[in-house]
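The basis for the numbers below is simple: all heavy atoms, side chains too, and nothing from hydrogens, waters or symmetry mates. Please read all numbers here as calculations on a predicted model, not as lab measurements. Reminder, nothing fancy here: chain letters follow the sequence lines and each chain counts from 1.
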2 protein chains.
Amino acid sequence: MSQAVVPDLRNCSDCPIRHRAVCARCEPTELALLEKIKYYRRYSAGETVMWAGDHMDFVASVVAGVAALTQTMEDGRTQMVGLLLPSDFVGRPGRSTAAYTVTATTALTMCCFHRGPFERMIDTTPHIAHRLLEMTLDELDAAREWMLVLGRKTAREKIASLLAIIARRDAALANAAQGRGLVFELPLTREAMADYIGLTLETVSRQMSALKRERVIEITGSRQITVPDMDRLLLEAGDDSDGGYLN
Amino acid sequence: MSQAVVPDLRNCSDCPIRHRAVCARCEPTELALLEKIKYYRRYSAGETVMWAGDHMDFVASVVAGVAALTQTMEDGRTQMVGLLLPSDFVGRPGRSTAAYTVTATTALTMCCFHRGPFERMIDTTPHIAHRLLEMTLDELDAAREWMLVLGRKTAREKIASLLAIIARRDAALANAAQGRGLVFELPLTREAMADYIGLTLETVSRQMSALKRERVIEITGSRQITVPDMDRLLLEAGDDSDGGYLN
DNA sequence: TCCTCTCTTTGATCTGTGTCAAGGTTAACT
DNA sequence: AGTTAACCTTGACACAGATCAAAGAGAGGA
C-alpha cells in the first residue's frame, strides 16, 4: 500500500518537479510553499494507484518508475491511453475525480501535491500555469501521434513504434550516450504492451519474435531489449520523420 | 460573460472566442487588444488550411463550419487526429510550425490572432492561459477517449461512437431541444469518417447500411442522419457511461 | 532441489475487415 | 435535359490478427 513520506530535502533534489515539471522558474518563496504541500507515495509493480471515478485530492508527478493510464469497457476490453514516465504529471487541476485508472507497472514513486493549495498556487503563479499548459500540449501531441499508430499501423509497425518510444524516452532520461547499440529494460508485460497498441498479447509475442528473428532487436530474458540500429527500428515503425520531439 | 463595449460588436458577437475560448473574463482593455490582433479567414469545403510543417504565424478559433486535423504516413495512410467544431482552438502558443494538416470539411470560418501579440497577451493575462489550459485538457480527454475507440472497438462500435460524438456536439451547439428524434447533418464524407475511425470507406459504408437496416439510425440522402433513440446508439457504441462530458 | 505461479512462446484454426471491382446516386454545370 | 465528376453502395475474395489451446521459461518459496 501507499505510504506518505515526510518531506525530505535530499530526496527533493531528485524530484523532477523541481527540475522540469512545475517549478523550473519558481522563486524561493514559491518553492518553500511547494515543499509544504508535497508528499511522496510509493507503489509496487502491479498495484493500482487509483480507479477511474475515484475521488482524488491531489495532483502528482512521477519521480521514479512507470505507471499506465488505462480505460476499460464493461466487457473487459482495455486500452492504455498514456504511459507515465519520470517527470510526467498526473491529475487535472480543477477536477476532483480521476478520469482514468492509474496502475504502477514497475515500482513507482510519486510526488504528490494537495490539490486545493496547488490550484491556488496556479492562480497566483503564472509560470506554473504556463508550464502546465506546455506539458499538457506535449501530452496531447503524444496522444495524437498514438492515434495514428492505433488507427493505421500494422501489428509489426505498432510494436516497432512502441519500442521506439520507450527506447527514445529511456535514452533521453538516462544513458544519453548510445554509441550505436541502445539497451533498455521493457517496463511492460506483453499484456500491457498489447493494451497499449490495441493488439492481443499473442500477437505482441509473435511480432517480438519476428523482429528478433530478423535482427531488428535482440531480446535477453524477455524484458531486456537491445536495439543495434535505431534507424532500422524507426523504419520498421513506419516513421517518416525521425519521429522525435524529445521535449 | 463580459459586457464590455468594444469595436465591431456585431462581427465579434459571432466569434466564439468572445464567449468560450479565450476572453470570457477579459477586461475591456484586453478585449480591445484582442480586437486589434484578430482577423477572419474563410475556406470552402475540401480546402486545406495548412499543411503539417507549414510556418504558422497565427493561432485561431473556429467560428463556423468543421475542420479536420490529420496526420499522413509516407505511403498515404491517413489518420484524423481531431475534429474541429465551432469554438475549438487551433495552433499552439510557442510553436511556429503546424504539427498537423488542417483541412476544411465544410465551409469554414476561423477567427485568427497574430501569434506574437497573442503570446504576449497570454503572458500578461493569467486567465487566458488558464482558459487555454482547460481547453487543452478537454482536448486531451477527447483524444484519449478516441484511443479506446481506435484500439479496442469493432467497426460497428466505431461508427456508432462517431455518430454519437457528432450528434452530441451538434445538439450541444444548436438544437438543444431533441424531443426523442435527433436530426443532424454529417459534416464528413465516408472517406473522412474512415480516416477518423481507422477503417476503410467501404467498411464505413457497410456498417452505416447495417445500422440503417436495423433501425438504429435513419439516413436521408447519405448525409442527413436521424437518431430515433440516442440510448440505443450509445449502446451500439459500447459506451458504458453516458459517455458525455459536453464541457 | 523441487514446486508453483506468472509470464511468455508457439501452433492451429477462425473471422472481421481490407482489397479489388463494378455499378448506383447526387449535384453541379453546359 | 444531358454530361460529368465526385461520392456512395454492394459483392466476392483474401489475409492480418484474434481466438483457442498447450507447453516452455523464470523467479520465488518450501
Pairs touching residues 61-83 of chain B that satisfy ring-ring contact (aromatic ring centres under 6.0 Å, His included), sequence neighbours left out: none
Residues forming a side chain to side chain contact (heavy atoms under 4.5 Å, CB included) with B:Thr154, sequence neighbours excluded: A:Arg77, B:Arg156, B:Glu157
B:Glu139/B:Arg144 ion pair, N-O < 4.0 Å: no
Per-nucleotide protein contact string for nucleotides 10-22 of chain D, where B marks a base within reach and S marks sugar-phosphate only (heavy atoms under 4.0 Å, - for neither): BBB----SSBB--
Listed partners of A:Thr136 passing side-chain hydrogen bond (donor to acceptor under 3.5 Å, both in side chains), at least two apart: none
Outermost nucleotides of DNA chain C that come under 4.0 Å of a non-hydrogen atom of chain A: C:dT8 to C:dA12
Salt bridge (charged side-chain N to carboxylate O under 4.0 Å, His left out) partners of A:Arg232, counting only residues at least two apart: A:Glu236
Pairing residues for B:Thr109 by the side-chain hydrogen bond (donor to acceptor under 3.5 Å, both in side chains) criterion, not counting sequence neighbours: B:Arg42
Within residues 187-200 of chain B or reaching into it, pairs that qualify as salt bridge (charged side-chain N to carboxylate O under 4.0 Å, His left out) - sequence neighbours excluded: A:Arg152-B:Asp195
For B:Arg92, all residues meeting salt bridge (charged side-chain N to carboxylate O under 4.0 Å, His left out), sequence neighbours excluded: A:Asp138, A:Asp141
Nucleotide D:dC8, atom C1' - distance to CG of B:Asp195 in whole Å: 15 Å
side-chain hydrogen bond (donor to acceptor under 3.5 Å, both in side chains) partners of B:Glu47, counting only residues at least two apart: B:Ser44
Contact letters for nucleotides 2-7 of chain D, in which S counts primed atoms plus P, OP1 and OP2 and B counts the base, heavy atoms under 4.0 Å: ------
Residue pairs passing the ring-ring contact (aromatic ring centres under 6.0 Å, His included) test where at least one lies in residues 203-229 of chain B, sequence neighbours excluded: none
